[in-house]
Amino acid sequence: MKKIMSMLLVLSMLLMGAAMAESETLTMATNAAFPPYEYYDDETGEVTGIDVEIAQAICDKLGYELEVVDTDFDSIVPGVVSGKYSFGMAGMTVNEERLQSVNFSNTYATGVQVVIVPEDSPITSVDDLFAEGADNAIGVQQGTTGDLYATGDIEEAGLGSVERFKTGTDAVLALTTGKLDCVIIDNEPAKNFVAANEGLKILDTEYAVEDYAACFAKENTELLEAFNTALAELTEDGTVPAIIEKYIPSTEAAAEEAPAEEAAAE
Ligand code: GLN
């Protein structure tokens, strides 16, 4: 009897081992045109960035494989709701509208909506966008909070028009070719876009300060809780701060004088 029991024990351990070796995969939906949070690495051709590295560290801790899916920003929330993706992580701002359909993890970074203009632009502060008689062509990435603000504050207020692009890169391209007066977008990608394109600058005043978090289907509370626990541990042990520091060095932030850095340093 004892022999059978120990054989059964060995057998069940073997089976468990096999199951663990084939660990489950979590799919993360993102929009890989948002450096330094997610973008294609020129050398490897893979999607990399702050969000991808944090998600990878969390999956490693929880024993999941990670698969990153690059999709349009505005199809991330619907895809998470339908169960097509396990979660969404895309420099995504927590807001009331999204909270109607998804749950958010604890926040891991701050984002600031800023305004990119040509260096010689007559727009010198965010307030200029709301001035009486203003009539600007504003570029945004479709479905982002920048889109939401510009639509409400500018288009619906009769202070100009809003053009919606699939990616921030496309919006900035339209700005450089003179088709727009400005682009409203998150500060870190804005810094990347301004560095990559001549003749652009970021206005000193901020449009809005926001919190970034990962989104989950409402019924998927178990995964959300595990994610939050892992995120807290990885923040506590310095892993998450190190990932952020790698992509947004605080020394560089302190050396520059752009408003985005001031906000990041707060
Ligand atoms: N933070 C913005 C939002 O959540 C933009 C995110 C993005 O373009 N990836 O709407």
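In each ligand, atom 1 is the first atom listed, and ligand 1 is the first ligand listed. Small disclaimer: the values here were computed from a predicted structure and weren't measured.
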Close aromatic pair by centroid cut-off 6.0 Å: Tyr212 and Tyr37: yes
Between Asn95 and Thr93, do the side chains contain an N or O donor and an N or O acceptor separated by less than 3.5 Å? no
Donor-acceptor contact present, side-chain Glu38 to main-chain Thr30, <3.5 Å: no
Tabulated below should be the N or O atoms of ligand 1 paired with protein N or O atoms at under 3.5 Å; can you produce that?
| from | atom 1 | to | atom 2 | distance (Å) |
| --- | --- | --- | --- | --- |
| ligand 1 | 1 (N) | Gly91 | O | 2.8 |
| ligand 1 | 1 (N) | Thr93 | OG1 | 2.8 |
| ligand 1 | 1 (N) | Asp186 | OD2 | 2.6 |
| ligand 1 | 4 (O) | Thr93 | N | 2.8 |
| ligand 1 | 4 (O) | Thr93 | OG1 | 3.2 |
| ligand 1 | 4 (O) | Arg98 | NH1 | 2.8 |
| ligand 1 | 8 (O) | Gln141 | OE1 | 2.7 |
| ligand 1 | 9 (N) | Ala90 | O | 2.8 |
| ligand 1 | 10 (O) | Arg98 | NH1 | 3.4 |
| ligand 1 | 10 (O) | Arg98 | NH2 | 2.8 |
| ligand 1 | 10 (O) | Thr145 | N | 2.7 |

Taking atom types as modelled, find out whether Asn192 and Glu188 have a side-chain donor-acceptor pair closer than 3.5 angstrom. no
Parallel, tilted or perpendicular: which describes the rings of Phe87 and Phe216, with under 30° parallel and over 60° perpendicular? parallel
Determine yes or no for a side-chain-to-main-chain donor-acceptor pair under 3.5 angstrom, with Asn228 supplying the side chain and Ser105 the backbone. no
